[in-house]
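Taking it in order: structure first as structure tokens, then the write-up.
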Amino acid sequence: MSQRVSDDAMAEVIAETRSDSSSRRHGGGDDDFVTDLPYMHRVGTPPKQPLFQEIKHSLMETFFADKPFHKFKDQSGSRKFVLALQSLFPILEWGRDYNLKKFRGDFVSGLTIASLCIPQDLAYAKLAYLDPWYGLYSSFVAPLVYAFMGTSRDIAIGPVAVVSLLLGSLLSSEISDTKSHDYVRLAFTATFFAGVTQLVLGVCRLGFLIDFLSHAAIVGFMAGAAITIALQQLKGLLGIKNFTTKTDIVSVLHSVWSNVHHGWNWETILIGLSFLIFLLITKYIAKRNKKLFWVSAISPMISVVVSTFFVYITRADEKGVSIVSTMMIILIEYTSSKVENFNQSIYMILHQVKHIKSGVNPSSANEIFFSGKYLGAGVRIGIVSGMVALTEAVAIGRTFAAMKDYSLDGNKEMVAMGTMNIVGSLTSCYVTTGSFSRSAVNFMAGCQTAVSNIVMSIVVLLTLLVLTPLFKYTPNAVLASIIIAAVVNLVNIEAMVLLWKIDKFDFVACMGAFFGVIFKSVEIGLLIAVAISFAKILLQVTRPRTAVLGKLPGTTVYRNIQQYPKAAQIPGMLIIRIDSAIYFSNSNYIKERILRWLIEEESQRTESELPGIQNLIVEMSPVTDIDTSGIHAFEELYKTLQKREVQLILANPGPVVIEKLHASKLTDLIGEDKIFLTVADAVATFGPKGVK
């Protein structure tokens with residue numbers, strides 16, 4: 001039996017000075033084996049660490065990989081207090097270098113995104129089955145909080161289409177009467193617990209949980225949600241009054257066509273389609289010429305102003321065109337059924353609408369359900385909507401941070417998002433997050449810091465104080481057009497095609513989420529997206545890839561024979577690489593797969609009259625870890641190979657793996673002389689003559 005050099009120090013010295021022709025003869029009684037070998041290093045074993053140090057290291061790598069407390073080291077108490085404040089409120093750090101030049105960029109971008117957000121807020125609130133002013137409330141408070149606590153310079157905060165649709169779908173499934181006071185209270189409750197969920201994830205540094213929703217699932221979910229949102233807007237675009245409350249495509253299309261002869265309003269259709277075409281044209285212009293981004297940004301506001309003025313002077317609302325204030329009639333009808341004095345009911349509703357539609361956000365702290373039958377629903381809806389909102393915000397923030405080459409602190413982002421939604425729930429806001437369309441406009445308008453959110457918030461405040469009553473003549477068809485134009489870009493055909501080309505399983509995940517949303521519901525689509533994402537993880541963990549390796553001609557490099565057809569297998573040897581950590585979930589599969597490789601290769605070589613397999617080399621470079629089940633599987637593999645008179649050899653186990661192999665005494669069972677640093681060393685020792 002050949003024997004390797006055991007003196008580490010001597011091996012290192014000789015390895016540094018040896019030339020290509022230097023070699024050493026290892027003793028052996030079999031003429032089939034090479035006896036002229038270069039010196040080889042042993043597989044190193046890392047020094048044993050105390051249990052406490054191992055646990056500490058694992059926890060630090062899991063939860064504190066970015067070393068958030070490093071800057072507090074060796075600082076005075078007052079300095080630590082200042083650093084803590086700067087960590088909680090990043091504006092205190094970057095605000096010291098703020099100047100007039102940066103403010104000019106932020107002021108222009110803030111005004112630009114404000115012109116975009118105001119009409120979008122009116123429209124998105126309707127997706128959540130909330131009155132339009134709640135959208136404006138949400139774009140006043142939340143951006144202010146984020147500006148002080150967020151780390152992204154480019155993200156624009158406010159209501160977004162997908163979260164609004166999801167929230168409306170989940171809330172209406174609990175309370176079908178979307179005009180009831182309990183519905184609004186449940187919306188505030190869900191917003192509160194969405195913020196709590198985000199805050200807890202940030203404080204506990206559990207942000208990695210949102211990564212379980214794969215990019216493919218997000219692409220499909222977003223596309224499905226966009227189509228669902230667009231279909232929902234057919235009610236406002238066509239002027240249909242009796243419209244289904246369901247969101248699946250079959251129910252929506254049935255509702256549309258059942259009203260085709262008596263439910264459509266041609267004036268509404270004319271207004272809606274005209275402004276939809278206008279909005280799409282401006283988006284096309286902005287896409288073709290990046291310098292004209294402002295054309296697309298201000299087009300929603302132009303649409304609202306022009307359509308509102310047109311309806312007011314023509315009194316189109318008297319001809320069946322639905323306007324924002326139409327909901328007042330619904331409220332009056334609802335209240336008149338509850339109050340004996342009809343005049344009193346009109347006075348109550350008009351007084352309530354006047355109070356809500358003008359002025360700063362009223363407090364809603366007493367409106368949140370902290371007990372009662374709706375508490376559980378509020379918690380559940382809050383967790384789901386909070387996770388979706390967080391996923392969207394972090395993805396947007398990372399995108400623009402990469403474009404400007406600055407770091408984004410994911411955990412601080414979660415704390416900021418959570419805080420702003422908690423504060424928002426106490427001030428009549430619903431769930432807010434980063435908007436991709438507004439963030440893109442913010443970026444192109446030249447924003448420098450989060451001050452652009454403050455500027456936008458101030459403009460929204462002025463709107464609430466002065467301009468809100470003017471929106472009562474805004475036709476709902478224009479709000480529907482704004483929503484449709486905004487969600488068009490969420491259907492990313494190019495990304496879907498790329499998924500098909502790159503990974504078919506990712507494409508299946510994408511399509512599963514997509515069809516789940518449009519044919520069933522938003523929550524079912526989201527559930528499918530999460531389920532498929534987890535299924536992919538489980539499949540990759542439980543069924544890892546393995547590969548047969550061969551030697552590339554003229555080298556000592558061993559690679560996958562399927563990837564490199566010219567790579568030659570070594571006579572009498574089978575070299576297999578395991579491309580995964582070995583755990584209880586895959587250890588038995590790996591063992592069985594190695595044995596199947598062995599049986600298949602032996603059969604092929606027998607048919608080709610080649611020498612049988614005497615040595616099986618397992619290349620363990622990709623194996624980052626192994627547990628007790630993996631150790632046990634290797635013990636069984638070794639015993640099975642012994643019965644077949646095949647020798648088990650290991651190549652390049654990592655530090656964690658070799659440490660566990662020693663601790664389990666598996667190295668004694670296999671033999672220290674059967675563990676090599678490289679496949680080339682193993683082949684040079686046990687392979688046929690002439691192969692190194």
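Each residue takes its place number in the sequence, starting with 1. Below, all heavy atoms of this structure are taken into account, side chains as well, without hydrogens, waters or symmetry copies.
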Report task. Identify whether the distance between the nearest side-chain nitrogen and carboxylate oxygen of Glu174 and Arg380 falls below 4.0 Å. Result -> yes
Query - With Ile524 via side chain to side chain contact (heavy atoms under 4.5 Å, CB included) - residues at least two apart - result: Lys520, Ser521, Ile528
Query raised in the report: When the ring planes of Phe188 and Tyr134 are compared, do they come out parallel, tilted or perpendicular, using 30° and 60° as the limits?
Result: perpendicular
Query raised in the report: Is Asp106 paired with Arg153 through a side-chain N to carboxylate O contact shorter than 4.0 Å?
Result: no
Query raised in the report: Within 45 degrees of the axis of the six-membered ring of Phe369 and under 6.0 Å from its centre: does Arg185 put its NZ or CZ there?
Result: yes
**Report entry** Distance-only polar pair, side chains of Thr191 and Ser425, donor-acceptor under 3.5 Å
**Finding:** no
Query raised in the report: Would one find more than 12 heavy atoms of other residues, nucleotides or ligands at under 6.0 Å from atom CZ of Arg288?
Result: no
Per-pair distances, 0.1 Å, donor-acceptor, side chain in residues 220-233, under 3.5 Å, sequence neighbours excluded:
residue : atom : partner : partner atom : Å
Thr228  : OG1  : Gly224  : O            : 2.9
Gln232  : NE2  : Lys246  : O            : 3.1
Gln233  : NE2  : Ile229  : O            : 3.2

Query raised in the report: In this structure, are over 12 heavy atoms from other groups packed under 6.0 Å from Phe400 atom CZ?
Result: yes
Requested in this report: Examine the side chains of Ser428 and Asn361 and answer whether a donor and an acceptor come within less than 3.5 Å of each other.
Outcome: no
Query raised in the report: Regarding Tyr430 and Ser164, is there a side-chain donor-to-acceptor distance under 3.5 Å anywhere?
Result: yes
**Report entry** side-chain hydrogen bond (donor to acceptor under 3.5 Å, both in side chains) pairs, two or more places apart, involving residues 302-312
**Finding:** Thr308-Thr474
Report task. Please determine, by modelled atom types, if Asn442 and Ser452 share a side-chain donor-acceptor pair under 3.5 angstrom. Result -> yes
Requested in this report: Enter the distance from Ile381:CD1 to Tyr374:OH here, rounded to the nearest 0.5 Å.
Outcome: 10.5 Å
Query - Over 12 foreign heavy atoms within 6.0 Å of CZ, Phe514 - result: yes
